[in-house]
There are 2 protein chains.
Amino acid sequence: MKQLKGRKAAKRPPPPEPDGDTQARILDAAHAVFIRRGTTGARMQEIAGEAGVNPALLHYYFRNKEQLSESVFRRAAAQLLPRVIEVMASDAALENKVARVVALELEHLSRAPYLPGYIISELHYHPDRVRQLLATVAGVTPEDVRPKVLPKLGRQLAAAARAGTLRRITADQFLVNLLSLCIFPFAARPMIMALVGLDQHGFERFIARRRDELADFFLRALRP
Amino acid sequence: MKQLKGRKAAKRPPPPEPDGDTQARILDAAHAVFIRRGTTGARMQEIAGEAGVNPALLHYYFRNKEQLSESVFRRAAAQLLPRVIEVMASDAALENKVARVVALELEHLSRAPYLPGYIISELHYHPDRVRQLLATVAGVTPEDVRPKVLPKLGRQLAAAARAGTLRRITADQFLVNLLSLCIFPFAARPMIMALVGLDQHGFERFIARRRDELADFFLRALRP
DNA sequence: GTCTATATGTTGATAGAC
DNA sequence: GTCTATCAACATATAGAC
């Protein structure tokens, strides 16, 4: 989009901030505002201001607020689960999977700590968004991995239980426990910071320690 | 409020639905609507309709939307943490505390599954609400228990570590792990239902199984 | 593609009768 | 305490000039 017209390119003054397409600037600004205010609390005008563009342009590129918010949610949701699902669907050993998921999620969420709160809020108030969340997971591999990852994980867990390597646990409890321990601290970040008495840096150190301990904690819970 | 006037009580026709004070009816309706739509998405008119009351009465009892939403949040927040803090601050043994918190939370949240999503959303979009959340915790005992519960728990954990009963873990990681495993499944309920492929009843069974396994899972992670 | 101006519809809130 | 009527303040969205 926004390719130059050629004959008039030298004459027309450049836009205020030429960094990136207008559309991309809008999407980035919308991302920030929707995460800060929520879908219903976000104001188109604030997004336009943050993007440094005229408010009418939001409707030019994205038809209305609904479609804009959907684009933002899609992009945000694509950051939360796909990589975890990918690891879970792989052929790696269970211990390896746990370690990789913990490292992956804690490192990524440290850079986007507001993501879980935003996504949980969206799914809570807009149940239809669930489909868009699943769509991001479906794209991880050529085929839809979702119906596969749980049965596969289940077989892996059952085999480990028979071999005496791990205690018996169902695949869904296994997955939810792991996701809980990784994601909840970020989703409930304000609550935890207040409860434990942490400031910004304290929380970061708290997460840093977690990176070292969490996989071990989790795997010990499954020792026979 | 709304005590009868005595001399005119027999003459005036009773209000449409005499069950409960008007103020309480409004608060209950507001509770439902705020949890369903979020603070910014909630409409005063919808609350009035759900309460079966004239919209103007919302402003008569609660001055404005802000104060009404604050009353609702206070009441909701009071259901999430106080009992957990109370157990944690008690003199019970660690194994006992874990078992009681798991039983307490899973049983209560099964009846109010939308509570965690609402509270996390509120804290995410209205950081000032954190103070109101802490206020609910402070009221658990005559004095403010918050500054006490973590150090006490820490000493308990350190003693257990010295005695060789439990592996060493800090009080904050202990508390956050426990809360994560209890609360996250409800906070991320729509996501989990979609990911695992559960309907309403499937989710309830999922939680029921969790009630039996979770305390054991948690304590095994801390075995030396 | 970008801007100005404006239409259109809500929403929270109040005044004042009953 | 409860109701009707109404206001002022946005917020989304579009029309049309440039």
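Note on naming: letters A, B, ... go to the chains in the order of the sequence lines (proteins, then strands), and numbering restarts at 1 for each one.
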Nearest listed nucleotide, side chain of B:Arg43, among C:dG12, C:dT14, D:dA15: C:dG12

Quick check for you: among C:dG12, D:dG1, D:dT12, whose closest atom lies nearest to any side-chain atom of B:Tyr61? D:dG1

Of the candidates C:dG1, C:dA13, D:dC3, the side chain of B:Met44 sits closest to C:dA13

Any base atoms under 4.0 Å from A:Ala42, or only sugar-phosphate, or nothing? Heavy atoms, all strands. sugar-phosphate

In whole angstrom, what separates A:Phe62's CZ from D:dA13's P? 13 Å

What's the CG-P distance between B:Asn64 and C:dA13, to the nearest Å? 5 Å

Out of C:dG12, D:dA15, D:dT12, whichever nucleotide has its closest atom nearest the side chain of A:His59: D:dT12

Length of the line joining A:Gln45:CD and D:dA11:P, which is rounded to integer Å: 7 Å

Would you say A:Leu115 and A:Phe186 make side-chain contact, with heavy atoms under 4.5 Å? no

C:dT11 P sits how many Å from B:Arg37 CZ, rounded? 11 Å

Between C1' of D:dT14 and CG of A:Leu57, the distance in whole Å: 13 Å

Indicate whether OP1 or OP2 belonging to C:dT2 is found under 4.0 Å from a side-chain N or O atom of A:Thr22. yes

Between atom CD in A:Glu66 and atom P in D:dT12, what is the gap in whole Å? 13 Å

Whole Å only: how far is the CG atom of A:Leu58 from the C1' atom of C:dG1? 14 Å

Lys/Arg-Asp/Glu bridge criterion (N-O < 4.0 Å) met for A:Arg36, A:Glu50: yes

Do NZ/NE/NH1/NH2 and the carboxylate oxygens of B:Arg209 and B:Glu213 come within less than 4.0 Å? no

Write down the distance between CG (A:Asn54) and P (D:dA17), rounded to a whole number of angstrom. 17 Å

Less than 4.0 angstrom from a charged side-chain N to a carboxylate O is my criterion; do A:Glu105 and A:Arg83 meet it? no

Hey, is B:Arg75 close enough to B:Asp28 for a salt bridge, meaning N to O under 4.0 Å? yes

Ranking D:dT4, C:dT2, D:dT14 by distance to the side chain of A:Tyr60, first place goes to C:dT2

Can you tell me if B:Arg63 touches the phosphate of C:dG12, counting only side-chain N or O atoms and a distance under 4.0 Å to OP1 or OP2? no

